[in-house]
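Have a look at the structure below before the remarks.
Note on naming: letters A, B, ... go to the chains in the order of the sequence lines (proteins, then strands), and numbering restarts at 1 for each one. Just so you know, these numbers come straight off a predicted model, no measurement behind them. Reckoned from all heavy atoms, side chains included, excluding hydrogens, waters and symmetry mates.
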There are 2 protein chains.
Amino acid sequence: MIEMMLLGFLMDGEKTGYQIKKYMDNSTSYFFNTGFSSIYPKFRKLETQGFVSVSQTVKNGKLNKVYALTDEGKRAFLDWLAIKPEIGRIRDEAMLKIFFFDYLDNEQRMAQMEAYINDLREHIQTLGAIRDRFSSSDIEPWKMATLEFGIRYYGFLEERFHEMLAERG
Amino acid sequence: MIEMMLLGFLMDGEKTGYQIKKYMDNSTSYFFNTGFSSIYPKFRKLETQGFVSVSQTVKNGKLNKVYALTDEGKRAFLDWLAIKPEIGRIRDEAMLKIFFFDYLDNEQRMAQMEAYINDLREHIQTLGAIRDRFSSSDIEPWKMATLEFGIRYYGFLEERFHEMLAERG
DNA sequence: TTGGCTATATATCAAAGTGATATATGTTTG
DNA sequence: CAAACATATATCACTTTGATATATAGCCAA
């Protein structure tokens with residue numbers, strides 16, 4: 001899946017691994033992210049598969065790899081994009097803890113939930129800042145849609161957690 | 001994290017790996033799940049760590065391992081439970097595809113979304129069935145809360161996806 | 001001007017987790 | 001009575017992550 005994400009990020013032009021990581025941090029990171037330890041090996045694999053071509057620029061004696069989509073890579077990406085996704089899991093540690101909350105005393109439960117809700121609020125602020133930055137640029141509409149989704153999702157979480165607290169004081 | 005989940009499932013009594021897997025499939029699976037390829041090796045690790053004890057029952061010539069929490073294991077679980085969780089990522093393939101939806105033509109986009117929304121509806125039905133089964137038993141309140149959360153979460157997804165379709169026809 | 005900080009850029013490794021598959025027996029059911 | 005299903009454990013190759021290392025460029029303040 002990470003392969004396909006990397007190909008997707010090359011759809012609007014060639015980039016270095018580092019540039020892609022930076023872009024991710026400011027766009028998809030809240031719902032999909034990965035680190036350099038995936039990016040660089042994946043690009044080597046994509047190169048041997050013929051999905052990307054690399055231009056080894058040597059910038060001031062330092063090697064610098066700029067990756068670009070090949071026709072095959074573009075086709076592979078678009079084929080993947082057309083397939084209906086499976087329903088995903090939440091896989092949220094917070095949910096797992098709540099599942100076991102009956103084993104925690106009420107005081108700790110409340111303190112933890114309140115602190116967590118606070119974190120959620122901060123997170124929503126951060127996403128709001130990213131959205132505002134992008135909305136003033138000419139971001140593609142569906143990319144914008146995922147950002148808006150993120151904000152609403154964490155808002156939904158906040159609301160639900162609040163309700164949980166209220167119901168089970 | 002899987003270690004802690006396994007310990008948590010032993011809090012209400014000893015179980016085999018298989019029993020835990022079955023229990024997960026009918027309770028946490030929509031937000032947290034794992035397979036035998038994690039469960040069995042993890043239990044071996046937990047045993048060497050002294051967090052679980054194992055009674056090797058030989059049932060009809062076949063080996064059968066029943067795991068139980070040790071005092072240390074119980075302490076480790078409760079310590080983990082008391083720590084505030086980090087905010088989790090969504091890491092949903094559907095979101096990733098929507099992020100790149102501007103590269104897909106409208107016809108395919110609509111077809112995919114509609115099919116996906118259908119899957120969501122089916123999923124919500126399944127979760128509803130699990131909830132009804134549990135609500136007639138004496139499930140602990142916070143465990144029930146996560147089930148209710150799941151149903152609402154996928155309902156939220158359905159709603160949002162519908163709106164996305166409507167906004168960007 | 002030089003020492004420190006931040007940004008750019010790539011690489012690697014151990015650890016965690018997954019999906020698929022294999023094996024074996026017991027139980028139910030048509 | 002054979003087929004299908006449930007119980008139960010194991011393993012392997014693969015993917016992904018977190019931490020850490022390395023090196024240079026550019027900027028800023030003392």
Side-chain angles (χ1 to χ4, degrees), chain A residues 1-7 9-10 14-26 28-29 31-49 51-52 54-68 80 86-93 96, chain B residues 1-7 9-10 14-26 28-49 51-52 54-68 80 86 88-93 96:
Chain A
M1 201 135 76
I2 284 174
E3 269 111 317
M4 292 304 140
M5 177 176 57
L6 294 178
L7 294 181
F9 278 117
L10 294 182
E14 55 173 34
K15 289 177 190 65
T16 66
Y18 187 83
Q19 284 172 327
I20 285 180
K21 172 68 176 146
K22 258 203 323 179
Y23 187 20
M24 270 186 345
D25 287 342
N26 288 296
T28 65
S29 65
F31 71 85
F32 221 100
N33 205 5
T34 195
F36 295 121
S37 59
S38 289
I39 293 171
Y40 293 115
K42 283 295 178 199
F43 267 132
R44 267 175 267 152
K45 194 185 165 191
L46 287 168
E47 203 197 337
T48 63
Q49 286 176 311
F51 289 161
V52 298
V54 60
S55 38
Q56 287 243 22
T57 353
V58 181
K59 213 190 206 172
N60 302 84
K62 230 192 77 204
L63 99 163
N64 205 326
K65 293 176 176 176
V66 182
Y67 292 97
W80 167 79
E86 297 285 300
I87 290 177
R89 293 227 164 70
I90 303 173
R91 205 165 230 287
D92 191 337
E93 195 181 5
L96 187 62
Chain B
M1 201 136 75
I2 283 173
E3 269 111 317
M4 291 304 141
M5 177 176 55
L6 294 177
L7 295 181
F9 278 117
L10 295 181
E14 55 173 34
K15 287 176 191 65
T16 66
Y18 188 83
Q19 285 173 326
I20 284 179
K21 171 69 176 145
K22 258 203 322 178
Y23 187 20
M24 268 185 349
D25 287 342
N26 289 295
T28 66
S29 65
Y30 74 92
F31 71 86
F32 221 101
N33 204 5
T34 194
F36 295 122
S37 58
S38 289
I39 293 170
Y40 293 115
K42 283 295 178 198
F43 267 133
R44 268 175 266 151
K45 193 184 165 194
L46 287 168
E47 203 197 337
T48 62
Q49 286 175 310
F51 289 161
V52 299
V54 60
S55 39
Q56 286 244 20
T57 353
V58 182
K59 214 190 205 171
N60 303 83
K62 229 192 76 205
L63 99 162
N64 204 326
K65 293 175 176 178
V66 182
Y67 293 98
W80 167 79
E86 296 286 298
R89 292 224 165 72
I90 301 173
R91 203 161 230 291
D92 191 336
E93 195 181 6
L96 187 62

Residue whose closest nucleotide on DNA chain D lies nearer the 5' end, B:P41 versus A:T34: B:P41
Sugar-phosphate only, base, or nothing, as touched by A:I39 at under 4.0 Å among non-hydrogen atoms: nothing
Backbone of B:K45 reached by a side-chain donor or acceptor of B:T48 within 3.5 Å: yes
Length of the line joining B:L46:CG and C:dA16:C1', which is rounded to integer Å: 14 Å
Spacing between B:Y23 atom OH and D:dA8 atom P, to the nearest angstrom: 17 Å
Sugar-phosphate, base or nothing in reach of B:K15, heavy atoms under 4.0 Å: nothing
B:Y40 side chain near D:dA10 phosphate (N/O to OP1/OP2, under 4.0 Å): no
Given D:dA6, C:dT8, C:dA11, the nucleotide with the shortest approach to the side chain of B:Y18: D:dA6
Exceeds 12 heavy-atom contacts within 6.0 angstrom, atom CD of B:Q49: yes
Minimum-distance nucleotide to A:K42 side chain [options: D:dT16, C:dA16, D:dT11]: D:dT16
Verdict with supporting geometry, A:F43 and A:F51, side-chain contact (heavy atoms from CB on, under 4.5 Å): CA-CA 9 Å; A:F43 267 132; A:F51 289 161; over 6 Å; no
Sugar-phosphate only, base, or nothing, as touched by A:K21 at under 4.0 Å among non-hydrogen atoms: nothing
Closest nucleotide among D:dT15, D:dA8, D:dT7 to the B:K22 side chain: D:dT7
For the student: nearest non-hydrogen atoms of B:R89 and A:F32, plus distance: CD-N, 4.4 Å
For atom CE of B:M1 and atom C1' of D:dG18, their distance in whole Å: 14 Å
Minimum-distance nucleotide (side-chain atoms of A:K65 versus D:dA8, C:dA11, D:dT17): C:dA11
Main-chain N/O of A:F9 paired to A:K15 side chain as donor or acceptor, under 3.5 Å: yes
B:R44 side chain, from C-beta outward: closest of D:dT11, C:dT12, C:dA9: D:dT11
Interatomic distance where CZ belongs to B:R89 and P belongs to C:dG17 [whole Å]: 16 Å
d(CG, A:D25; C1', C:dT6) in whole Å: 16 Å
Nearest-angstrom distance from the residue atom CD of A:Q19 to C1' of C:dA7: 12 Å
Between C1' of C:dG17 and CZ of B:F36, the distance in whole Å: 16 Å
Sugar-phosphate only, base, or nothing, as touched by A:R91 at under 4.0 Å among non-hydrogen atoms: sugar-phosphate
A:S38 side-chain proximity, nearest of C:dA11, D:dT17, C:dA9: D:dT17
Whole angstrom value for the distance that separates P of C:dA11 from OH of A:Y67: 6 Å
Closest nucleotide among C:dT8, D:dA10, D:dT17 to the A:S37 side chain: D:dT17
Donor-acceptor under 3.5 Å (A:K21 side chain, A:T34 main chain): yes
B:N64 side chain near D:dT9 phosphate (N/O to OP1/OP2, under 4.0 Å): yes
